[in-house]
Peer 1: 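Would you mind keeping the following structure in view while I ask a few things?
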There are 2 protein chains.
Amino acid sequence: MLNDLHQRKRSRQREKILEVVKSTKIHPTADWVFHEVRKEMPNISLATVYRNLNQLVESKDISEVLSDGQLHFDANKDDHFHFICRSCNGIFDIEEKRVESPDFKLPRGYKVESVKMDFYGVCPNCQAKE
Amino acid sequence: MLNDLHQRKRSRQREKILEVVKSTKIHPTADWVFHEVRKEMPNISLATVYRNLNQLVESKDISEVLSDGQLHFDANKDDHFHFICRSCNGIFDIEEKRVESPDFKLPRGYKVESVKMDFYGVCPNCQAKE
DNA sequence: CTATGTGCAAAGTGTTTGCAAATTT
DNA sequence: AAATTTGCAAACACTTTGCACATAG
């Protein structure tokens with residue numbers, strides 16, 4: 001495992017992986033990224049994808065979202081929450097400023113450093129189909 | 001996999017498992033429950049623990065909490081959120097009514113059915129130690 | 001008696017790691 | 001040249017499944 005004492009060298013692979021994650025809003029899994037990157041780098045291995053996704057999380061270029069017990073990745077660096085559709089399983093970004101009342105006060109004693117909020121329901125697209 | 005068409009028969013194992021989950025506030029993993037139940041039922045298998053925890057989730061006697069990429073189980077049936085301490089990794093229940101402003105409005109079109117909110121930070125106990 | 005539940009071992013899924021060769025600085 | 005990164009395969013951690021026997025209703 002890499003830690004902060006190591007230097008980081010660039011690699012074509014990591015740059016491509018970041019590019020791929022940035023290119024989509026679907027909050028892809030490692031496996032999706034792997035297949036996507038493979039189209040242009042047929043020899044890349046899944047291990048490399050995992051290693052680089054982890055590094056990119058560590059360097060805060062991307063973040064992780066847990067859904068379905070799987071890790072999904074997100075290159076959107078603005079503060080936001082997620083809406084998870086129970087019909088299509090899609091993960092949608094909800095900008096923080098579009099959520100009314102996102103200020104919380106917890107019971108005394110708990111020092112809150114961050115809040116993770118996920119909304120579950122049916123997305124506009126799936127509602128239209130129902 | 002069991003579905004709703006099946007009858008459910010009682011089993012000593014399932015009852016013990018529920019009792020164990022109810023006995024603690026630590027939001028245990030399947031493995032913790034397994035070892036705990038094993039103290040009184042030395043022959044129980046981990047598979048049985050998993051199967052029954054899943055059934056208990058299905059019957060809404062308990063719920064799942066995802067943390068550290070592992071499933072934790074929670075017998076607290078009141079609406080509540082979780083506070084996850086980055087120091088001791090403990091999961092603490094925060095009653096919904098103790099959270100100010102837990103009413104959200106999302107952008108038009110998203111039909112919200114539930115909200116999952118996790119707070120991250122340092123719990124009172126760990127702050128005292130720092 | 002029949003259906004569900006159990007224990008065991010094996011399989012599954014998603015992710016990480018050890019290593020020698022390749023690449024980056 | 002020295003250190004990091006890669007691809008591969010093997011290992012890992014957690015969870016689920018197939019099956020023959022046991023148990024509940």
Side-chain angles (χ1 to χ4, degrees), chain A residues 1-21 27-59 61-74 89 91, chain B residues 1-21 27-59 61-74 89 91:
Chain A
M1 163 86 83
L2 246 14
N3 64 42
D4 312 35
L5 300 171
H6 293 75
Q7 306 266 347
R8 200 145 282 171
K9 292 178 180 177
R10 292 189 171 177
S11 77
R12 298 184 307 115
Q13 285 86 339
R14 190 180 316 123
E15 271 155 25
K16 187 71 198 166
I17 286 164
L18 178 55
E19 184 190 320
V20 164
V21 178
H27 305 77
T29 59
D31 203 60
W32 188 93
V33 174
F34 172 58
H35 288 294
E36 208 58 25
V37 172
R38 232 179 190 218
K39 291 176 185 167
E40 298 190 24
M41 296 180 149
N43 295 320
I44 197 171
S45 81
L46 187 52
T48 297
V49 172
Y50 273 104
R51 271 188 293 240
N52 280 305
L53 287 171
N54 287 344
Q55 281 188 215
L56 290 165
V57 168
E58 213 187 324
S59 59
D61 290 296
I62 63 178
S63 62
E64 302 175 318
V65 193
L66 214 37
S67 162
D68 319 310
Q70 259 201 99
L71 282 175
H72 296 246
F73 297 88
D74 186 351
N89 283 305
I91 303 175
Chain B
M1 163 86 82
L2 247 13
N3 64 43
D4 311 34
L5 300 172
H6 292 76
Q7 306 267 347
R8 199 145 284 172
K9 294 180 179 177
R10 292 191 173 176
S11 78
R12 299 183 308 113
Q13 286 86 338
R14 190 180 316 122
E15 272 154 25
K16 187 72 199 166
I17 287 164
L18 178 54
E19 185 190 320
V20 163
V21 178
H27 304 78
T29 59
D31 202 61
W32 188 94
V33 174
F34 172 58
H35 287 295
E36 207 59 25
V37 172
R38 234 182 189 214
K39 290 176 184 166
E40 299 188 24
M41 296 181 147
N43 295 320
I44 199 173
S45 81
L46 186 53
T48 298
V49 172
Y50 272 103
R51 270 188 292 238
N52 280 305
L53 287 171
N54 287 343
Q55 281 190 212
L56 291 165
V57 168
E58 213 186 324
S59 59
D61 290 295
I62 64 178
S63 62
E64 302 175 318
V65 193
L66 215 37
S67 161
D68 318 313
Q70 257 202 100
L71 282 175
H72 295 247
F73 297 89
D74 187 351
N89 282 305
I91 303 174

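Residue numbering restarts at 1 for every chain, and letters A, B, ... go by the order of the sequence lines.
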Peer 1: Only counting residues at least two apart or in another chain, list the ones meeting salt bridge (charged side-chain N to carboxylate O under 4.0 Å, His left out) with A:Glu40.
Peer 2: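 Salt bridge (charged side-chain N to carboxylate O under 4.0 Å, His left out) check on A:Glu40 returns A:Lys16.
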Peer 1: Measuring from atom CG of B:Leu71 to atom CG of B:Leu66, what distance do you get when rounded to the nearest 0.5 angstrom?
Peer 2: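 Here the interatomic distance stands at 5.5 Å.
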Peer 1: Would you check if there is a donor-acceptor pair between the side chains of A:Asp31 and A:Thr29 at a distance under 3.5 Å?
Peer 2: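 Per modelled atom types, A:Thr29 and A:Asp31 side chains form no pair under 3.5 Å.
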Peer 1: Give a yes or no on whether the backbone of B:Leu46 and the side-chain of B:Arg38 come within a donor-acceptor separation of less than 3.5 Å.
Peer 2: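 Between the backbone of B:Leu46 and the side chain of B:Arg38 there is no qualifying donor-acceptor contact (under 3.5 Å).
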Peer 1: Atom CG of A:Leu53 to atom P of D:dT6: distance rounded to whole Å?
Peer 2: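 That distance rounds to 11 Å.
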Peer 1: CG of B:Asn52 versus C1' of D:dT17: gap in Å, rounded?
Peer 2: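 Distance check: B:Asn52 CG to D:dT17 C1' gives 15 Å.
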Peer 1: Starting at OG of B:Ser63, measure out to CG of B:Leu56 and round the result to the nearest 0.5 Å.
Peer 2: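 The distance works out to 11.0 Å.
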Peer 1: Quick check: closest heavy atoms across A:Ser45 and A:Phe34, and the distance to 0.1 Å?
Peer 2: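 Between these two residues, the closest heavy atoms are C-CE1, 3.6 Å.
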Peer 1: Check nucleotides 8-10 of chain C against the protein and report each pair of N or O atoms closer than 3.5 Å, with its distance, or say if there are none.
Peer 2:
none

Peer 1: What protein N or O atoms touch nucleotides 12-15 of chain C N or O atoms at under 3.5 angstrom, if any, and at what distances?
Peer 2:
| unit_1 | atom_1 | unit_2 | atom_2 | d |
| --- | --- | --- | --- | --- |
| C:dT15 | OP1 | A:Leu71 | N | 3.3 |
| C:dT15 | OP2 | A:Tyr50 | OH | 2.3 |
| C:dT15 | O5' | A:Tyr50 | OH | 3.3 |

Peer 1: Would you compute the distance between atom OG of A:Ser11 and atom CZ of A:Arg51 and round it to the nearest 0.5 angstrom?
Peer 2: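 It comes to 10.5 Å.
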Peer 1: Determine the sole option in B:Leu18, B:Ile17, B:Val21, B:Val33 for which the side-chain contact (heavy atoms from CB on, under 4.5 Å) test with B:Asn52 is passed.
Peer 2: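 Output: one option passes, namely B:Ile17.
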Peer 1: Looking at CD of B:Glu36 and CD of B:Glu19, how far apart are the two atoms once the value is rounded to the nearest 0.5 Å?
Peer 2: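 Those atoms lie 10.5 Å apart.
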Peer 1: How close or far is atom P of D:dT15 from atom CD1 of B:Ile17, stated in whole angstroms?
Peer 2: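 Computing the B:Ile17:CD1 to D:dT15:P distance gives 14 Å.
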Peer 1: Once rounded to the nearest 0.5 Å, what's the spacing between atom NE2 of A:His27 and atom CZ of A:Phe73?
Peer 2: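 Reported value, rounded in 0.5 Å steps: 12.0 Å.
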Peer 1: Between the opening five pairs and the closing five pairs of the helix from C:dC1-D:dG25 to C:dT25-D:dA1, how far apart are the helix axes, to 10°?
Peer 2: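 Overall, the helix from C:dC1-D:dG25 to C:dT25-D:dA1 bends by 40° from one end axis to the other.
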Peer 1: For A:Glu15, what residues pass the salt bridge (charged side-chain N to carboxylate O under 4.0 Å, His left out) criterion, not counting sequence neighbours?
Peer 2: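 A:Glu15 satisfies salt bridge (charged side-chain N to carboxylate O under 4.0 Å, His left out) with A:Arg10 once adjacent residues are dropped.
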Peer 1: Return the CD to CD1 distance between B:Gln13 and B:Ile44, rounded to the nearest 0.5 Å.
Peer 2: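 If I round to the nearest 0.5 Å, the distance is 5.0 Å.
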Peer 1: Between the protein and nucleotides 23-25 of chain C, which nitrogen or oxygen pairs come in under 3.5 angstrom?
Peer 2:
| unit_1 | atom_1 | unit_2 | atom_2 | d |
| --- | --- | --- | --- | --- |
| C:dT24 | O2 | A:Lys9 | NZ | 2.7 |
| C:dT25 | OP1 | A:Arg10 | N | 3.4 |

